[in-house]
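Both ligands and their constituent atoms are indexed starting at 1 by order of listing.
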Amino acid sequence: MIVVMLGPPGAGKGTQCELLGEKLALPHIATGDLLREAMARGTPLGQLARPYIERGELVPDDVMINIINEWLATPGHEHGFILDGFPRTVNQARALDQALARVGKGVDRVIYLSVPVEELLQRIAGRYVCPQCGASYHLRTSPPRQSGYCDQCGSTLTQRPDDRREVAERRMAVYFAQTAPVIDYYQKRGVLSEVNGAQSVTAVLDAELAILLTLPSRTHTRTDRHGDPSQI
Ligand code: AP5
């Protein structure tokens with residue numbers, strides 16, 4: 001099963017992709033995480049991406065399309081995958097369709113998480129992340145056990161530089177101008193499902209699973225309660 005997670009900044013894409021990946025035993029790629037990792041390591045990709053990310057703008061399509069094509073060419077994606085943060089423009093969506101068509105595949109379902117803008121800005125303002133292991137927290141809805149420190153590795157939590165209010169607002173404007181048309185693109189293909197992302201994390205996950213586990217065609221996997229992937 002090939003799933004795209006679509007939604008504005010702060011909608012919960014990363015949170016849901018982690019959980020769905022475990023439930024469905026599918027690998028996922030988060031392009032934002034990949035770019036931040038490249039920035040932290042100071043690679044050529046990181047140096048290229050940094051000014052765009054710091055301004056809250058999109059990294060150029062050709063760069064992102066190459067990244068996804070390279071990822072798709074690596075082993076481990078035979079039973080499907082989940083994409084978080086890609087495609088973000090209609091050009092990227094077309095390139096993904098072309099890459100999948102070359103291997104006789106296509107996007108099975110696009111989950112579009114809709115959340116009111118004010119709630120998005122509050123989520124972004126309250127988000128703290130672990131620079132070591134990548135765990136994400138929210139001051140109000142999912143605080144760490146010990147304030148300021150990661151539950152998983154004990155590192156000091158930080159805020160993402162692009163979560164500052166003015167950059168977050170720019171990201172939101174860029175989303176409506178460049179990413180929102182992707183909703184229409186997938187709607188026309190009949191593969192889009194809108195989920196109310198303003199519910200609790202578990203309610204959103206249940207709604208997504210209800211959609212994905214009743215897809216009519218293609219084989220997909222899930223983990224049973226012991227964590228073993230099983231065909232359903
Ligand atoms: P990226 O990292 O993908 O940022 P984003 O799309 O702006 O999304 P976020 O990570 O802010 O939010 P999310 O939807 O994942 O929400 P999360 O689960 O964290 O991209 C960053 C940048 O990289 C882009 O601006 C761009 O420059 C570049 N880039 C990346 N991909 C690109 C591409 N394809 N093309 C070009 N450029 C690209 O949740 C947010 C907060 O809310 C958390 O604190 C969480 O705990 C909380 N939360 C989550 N769910 C709930 C809930 N149900 N209720 C209450 N709180 C919740």
In terms of atom number and element, which parts of ligand 1 are under 4.0 angstrom from non-hydrogen atoms of Ser200?
53 (N)
Min side-chain heavy-atom separation Leu83-Ile68 under 4.5 Å
yes
Check Arg127 against ligand 1 and report side chain, backbone, both or neither, counting heavy atoms closer than 4.0 Å.
both
Checking Asp97 against Tyr185: is there a side-chain donor and acceptor pair closer than 3.5 Å?
yes
Glu37 and Arg41 ion-paired at < 4.0 Å
yes
Any Arg36 heavy atom less than 4.0 Å from ligand 1
yes
Any N or O of Thr15 closer than 3.5 Å to N or O of ligand 1
yes
Show which atoms of ligand 1 fall inside a sub-4.0 Å distance from at least one heavy-atom site of Tyr137.
44 (O)
Interfacing atoms of ligand 1 (cut-off 4.0 Å, heavy-atom, Val201):
50 (N), 51 (C), 52 (C), 53 (N)
Ligand 1 atoms in contact with Gln92 (distance to a heavy atom under 4.0 Å)
33 (C), 34 (N), 35 (N), 36 (C)
Kindly list each side-chain donor-acceptor pair under 3.5 angstrom involving residues 42-49, sequence neighbours excluded, with atom names and distances?
| unit_1 | atom_1 | unit_2 | atom_2 | d |
| --- | --- | --- | --- | --- |
| Thr43 | OG1 | Ala38 | O | 3.4 |
| Thr43 | OG1 | Gly46 | N | 3.1 |
| Gln47 | NE2 | Gly42 | O | 2.9 |

Can you list the atoms of ligand 1 that are under 4.0 Å from a heavy atom of Glu57?
26 (C), 27 (O)
State whether a side-chain donor-acceptor pair under 3.5 Å links Glu194 with Ser114.
yes
In the structure I gave you, are the side-chain heavy atoms of Val107 and Val3 within less than 4.5 Å of one another anywhere?
no
Contact atoms of ligand 1, heavy-atom distance to Thr31 under 4.0 Å:
30 (C), 31 (N), 32 (C), 34 (N)
Are Leu34 and Val129 connected in the hydrophobic side-chain network, where two residues link if heavy atoms are under 4.5 Å apart?
no
Heavy atoms only: which of Met39, Glu18, Lys13, Arg160 lies closest to atom 10 (O) of ligand 1?
Arg160
Return yes when Ile124 approaches ligand 1 closer than 4.0 angstrom through a heavy atom, no otherwise.
no
Closest approach of Gly80 to Pro27 (non-hydrogen atoms, all atoms of both residues)
O-CD, 3.3 Å
Polar contacts were defined as any N/O atom of the residue lying under 3.5 Å from an N/O atom of the ligand; does this apply to Gly7 and ligand 1?
no
Using a 4.0 Å cutoff against the non-hydrogen atoms of Ala11, which atoms of ligand 1 qualify?
14 (O), 16 (O)
Counting C-beta onward and ignoring hydrogens, is there a side-chain heavy-atom pair between Ser155 and Cys133 closer than 4.5 Å?
no
